[in-house]
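In what follows, a single structure is set out as structure tokens and then discussed.
Numbers here simply count residues along the sequence, with the first being 1. Quick caveat, the model's predicted, so the values are computed rather than measured. Computation of the quantities below employed the complete heavy-atom set of this structure, encompassing side-chain atoms and omitting hydrogens, waters and symmetry-equivalent molecules.
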Amino acid sequence: MEFAILGPLEVRTRTGNRIRLGGARQERLLAALLLNPGGAVPVPRLVDAVWEDRPPATADRQVRNLAGLLRRAFRKADPTGPPVLLTDGRGYRIPLDDHGLDSRLFADTVARSRRTAAAGQQSAAAAGLRQALSLWRGPVLDGLEGQLIDSGAVPLDELRLTAWEDCLDLDAALGRHRASIPELTGLVADHPLRERFVGQLMRALHASGRTADALTVHRRFTGRLAEELGLDPSPELRRLHLALLTAGVDPEPGPGSGGAGPSTGPPAAGARTAAPRTAGRPGGPAEERDGTPRATATVRATARDDAGADPGPEAATAEGGHGPRPAVPVPVPAQLPPSLATFTGREAELAALDAFTEAAASPASSSPASSPASNPGPGSASAARICAVSGSAGIGKSTLVVQWAHRVRGRFPGGQLYADLHGFSAEPPLTPHAVLARFLRALGVPGEQVPGATEEAAALYRSLLADRRVLVVLDNARSAEQVRPLLPAAPECLTVVTSRAGLAGLTARDGARPLTLDLMPAPDAVALLDRVIGTRRARSEPAAVAELASVCGRLPLALAIAASRLAERPGRTVADHVAELRDSGNRLTALAIDDDAASAVRAALDLSYRTLPAAARTLFRLLSLAPGPGLTAAAAAALCGERVAVVRPVLDQLANAHLLTHEGGDQYRLHDLLRLYAAERAAAETGRAVSTAARERLGTWYLHRADAAARLLTPRRRRIPLGAPGPWYEPPAFTTAAGAQRWCESEHGRLLGLVRSAAEHGPDALAWRLPVVLWSYWFTGPHLDDREEAARLAVAAAVRAGDRYGEGQARNDLATALGALGRHAEMLAELRLARALFAEIGDRVGEAHAIGNLGDHCLGTGAYGQARLHFQGALTLFRAQPEEHRDDWAVRVCETKLGVTAMLAGRAREAGEYLHRALDLHRSNGDPVLESITLYHLGEHHRRLGRPAEAAARLRQSLAVLDATTRNPRLRAEVLAALARLGEAAGPPDGRGRPGG
């Protein structure tokens with residue numbers, strides 16, 4: 001077989017027939033084997049190559065299946081050929097001794113050509129390199145993507161470029177200058193920071209009589225190198241530039257140098273070969289002896305010639321001698337970018353930064369008497385001062401720090417250094433050495449004397465700042481590792497770092513003080529809009545401006561964009577702009593500036609999202625499926641189908657990246673714009689089947705949690721069948737009715753949101769089951785309107801599903817919700833439908849529930865005789881059921897309701913008997929909900945009998961049960977009102993002199 005990877009992947013037989021592979025997975029598997037020519041590749045690495053970060057559970061088996069398919073394809077194409085794909089230990093390999101591979105042929109041809117060149121056969125060597133380069137048909141494995149493929153392509157790409165450079169050197173030595181200019185021009189355009197190509201093009205242009213063009217190439221290259229990397233050209237290229245300026249060409253550089261290429265002529269008279277020089281230590285303190293800061297710093301650089309070589313023209317004096325460089329005045333660095341005139345708010349954060357500055361500038365931090373040994377560690381007099389400001393994309397970290405830095409710049413007479421580290425940027429993050437080079441040049445170190453090693457450059461940087469008070473702002477950092485070499489050691493210096501990451505390592509190891517930015521407070525957000533669009537315009541629509549701040553999620557970047565768009569269109573109302581943004585499908589698109597793609601909320605969030613590990617990206621997308629902006633770690637685990645212990649570290653990764661807010665304990669929150677962005681990413685990257693499965697897992701998790709709560713709130717009440725949850729389900733921590741009530745209350749908004757979501761997206765089974773299960777919580781709670789809405793959604797879902805049992809349950813629950821709202825006519829209509837449905841399907845317990853609720857309807861309308869008949873009928877029907885189907889909770893409710901009916905009808909002895917029997921049953925069954933209700937009715941019973949002391953005692957007992965367990969708010973209000981009618985206090989006075997409870 002003949003394999004080709006220097007371009008699109010191709011496989012051909014020995015006769016030249018092309019073999020077509022069976023899809024992208026086979027291609028990625030084969031590519032991984034060919035990038036490791038002749039060697040065995042283990043199955044786990046092949047799994048990574050085929051699926052990267054999202055392998056299926058059966059990935060190992062599928063890899064073996066793919067290998068088998070490849071074997072069959074090769075055997076079919078060349079039945080008599082040698083074996084192609086061999087099993088080797090725990091992996092596979094392709095024996096290339098029996099097969100061809102273009103990348104291997106390329107490397108062999110390049111090596112052979114270099115040996116030919118070393119033997120002095122320049123023309124043959126150049127031809128050989130051209131032959132090797134002709135094997136390339138495009139980028140390595142063009143059309144295939146993946147981290148493993150990308151990393152495997154890097155050495156081949158580098159070998160190609162160095163072979164091209166060697167070939168062009170040989171062409172220059174053969175005098176082919178003019179012919180190589182078009183080729184070199186294209187190579188420099190494609191690889192603008194590859195210095196050897198630049199030097200070769202400069203030589204070719206000069207040798208063709210185009211020295212001015214050669215100097216232009218140099219100027220563009222050095223400008224780009226400084227702007228993008230903060231570096232200077234190599235000594236070789238600087239010598240070439242100087243030689244061209246003096247109409248000469250520098251001597252032949254060493255192999256592989258930045259300005260590589262054979263000499264095209266003798267050096268000019270003024271050109272010299274500069275030996276490598278070491279950076280001289282800058283001299284002179286930053287302040288005069290009397291402590292007064294200088295306006296400028298003076299740096300002297302000396303060149304050392306340990307080998308006796310000429311230190312080069314840059315070190316020569318004006319007379320041509322070789323001595324110390326004359327003193328060069330270096331201005332005090334003042335690199336802060338301009339502050340924003342529209343900056344608003346953040347008073348608490350500014351105060352925190354001010355306090356940090358005061359600590360850094362305190363006498364203790366700079367007093368000669370303070371001993372570093374006596375007070376070591378972060379925050380001590382001898383420690384460097386570092387503040388790490390973190391927050392999500394667009395939260396205003398850079399704006400805040402720059403604004404504050406301008407306010408305090410006078411406290412740092414040694415200057416202010418600033419660098420955007422591009423940690424989260426469309427451009428690659430700056431290396432610590434690139435930033436050190438910039439800072440050292442700003443502090444007066446000549447570019448050629450900046451040490452090449454990061455450690456040495458950092459040591460020189462710390463030495464320069466040892467006696468100066470400098471403010472260092474490191475903006476947009478990616479990690480603590482990127483920042484650490486840039487930290488001054490002097491306690492008089494102060495460093496402020498901004499990052500979308502938490503930089504916990506900087507806090508733990510380097511003593512940084514963390515400052516986390518949250519969304520702007522609502523008044524500050526409104527003030528920012530006011531400042532940009534104008535006070536008069538803002539005050540003309542105050543409600544719309546407040547709504548605009550809310551729609552923008554109080555995110556400073558979004559607020560600034562929305563305000564700027566309004567400022568550009570003075571004829572548009574704020575309300576119209578809010579209406580446009582309210583369309584969630586367009587909100588992120590609208591929060592952008594037309595002529596500045598980088599200044600967009602979506603673009604800013606993209607940069608944070610792309611830096612996440614694969615598992616965190618997956619979870620972030622799934623979080624958009626949760627009902628509402630917040631959820632617990634356990635709910636997030638349900639979305640993923642994982643255990644909490646597996647998902648919690650991933651949640652922490654998202655929180656550390658400020659794409660999720662950890663609100664303490666087990667609670668997390670996505671703010672509105674992040675939720676919209678997560679939904680966009682889910683729509684683009686998560687399949688519908690995956691999203692549907694995640695929604696169903698989350699719904700199942702909530703359904704079973706709600707059922708666990710219901711079993712504590714209404715013990716021994718009949719339950720609807722739910723089915724078993726998945727293996728990822730973990731039982732709840734609450735074990736009492738009070739704990740169950742607290743969980744339901746904390747999750748109320750999300751539970752209602754989940755019902756709404758299920759009603760809209762499905763499944764219908766969840767949309768009716770969840771409200772039915774939640775009846776145990778809602779029937780005592782204050783959320784009467786939510787209870788009705790959920791019940792109506794449940795009825796509609798059961799009807800859609802054609803589930804008569806579910807419809808009966810939902811209509812029965814809707815009836816109780818309507819009764820609690822006092823809408824008895826509607827209640828009666830629903831109960832009649834529910835009773836008919838239960839009778840139709842033969843559900844006698846359901847029918848008994850409907851009959852009992854008809855008794856409630858009669859109680860509400862004053863028909864006590866009818867109510868008594870309904871409760872007795874329901875009780876008889878309940879007791880007639882087999883024990884395994886009997887609803888003991890409903891039996892106890894009917895006993896209580898018969899007591900209430902007798903009390904309201906004036907049958908006192910009968911009322912007392914029913915209520916006392918019911919109270920004993922509730923206590924023996926551990927039912928605090930019905931116990932507190934029955935105690936309240938007994939209090940009313942004693943009040944009607946003219947026994948205020950006994951009534952107050954029962955009411956206070958009811959209140960004690962409520963306070964110790966469920967704190968039923970509606971019943972609690974009724975109990976307090978009854979006590980007030982009795983003229984009794986609800987409890988001992990509290991600290992403010994009001995009744996407790």
Can you establish whether the number of heavy atoms outside Arg45 located under 6.0 Å from its atom CZ is more than 12? no
Should Asp48 and Arg28 count as an ion pair when the cut-off is N to O under 4.0 Å? no
Sidechain-backbone polar pair: Ser499 side chain, Ala501 backbone, donor-acceptor under 3.5 Å: yes
Between Leu436 and Ala458 the two heavy atoms that sit nearest each other are CD1-N, 3.7 Å
Between the side chain of Arg137 and the main-chain N/O of Pro8, is any donor-acceptor distance below 3.5 Å? yes
For a quick test of reading the model, state the closest non-hydrogen atom pair linking Gly199 to Leu237 and the distance between them. CA-CD1, 3.8 Å
Would Glu195 and Arg238 satisfy salt bridge (charged side-chain N to carboxylate O under 4.0 Å, His left out), going step by step from the backbone distance to the final call? CA-CA 11 Å; Glu195 192 169 292; Arg238 290 202 299 273; over 6 Å; no
Give a yes/no verdict on a cation-pi contact between Arg160 and Phe106, requiring under 6.0 Å between NZ or CZ and the six-membered ring centre and an angle within 45° of the axis. no
Whether His433 side chain and Pro451 backbone form a donor-acceptor pair below 3.5 Å: yes
Backbone N/O of Asn476 and side chain of Thr498: donor-acceptor pair under 3.5 Å: yes
Could you pull out all residues at least two apart from His218 that satisfy ring-ring contact (aromatic ring centres under 6.0 Å, His included)? His241
Do Cys387 and Val497 have side chains that approach each other closer than 4.5 Å (heavy atoms only, starting at C-beta)? no
Could you tell me whether Glu492 and Arg385 have a side-chain N and a carboxylate O separated by less than 4.0 Å? no
Min side-chain heavy-atom separation Leu421-Asp475 under 4.5 Å: no
Taking only Lys NZ, Arg NE, NH1 and NH2, and the carboxylate oxygens of Asp or Glu, determine whether Glu158 and Arg194 approach each other closer than 4.0 Å. yes
State whether the side chain of Arg478 and the backbone N or O of Gly423 hold a donor-acceptor pair below 3.5 Å, judged by distance alone. yes
Are any of the side-chain nitrogens in Glu455 or Arg484 under 4.0 Å away from the carboxylate oxygens of its partner? no
Gap separating the SG atom of Cys167 from the CD atom of Glu165, nearest 0.5 angstrom: 11.0 Å
Given 3.5 Å as the limit, does a donor-acceptor pair link the side chain of Glu10 with the main chain of Phe3, or not? no
Arg438 side-chain N/O to Glu227 backbone N/O, donor-acceptor pair under 3.5 Å: yes
Is there side-chain contact between Tyr461 and Leu443, with at least one heavy-atom pair below 4.5 Å? yes
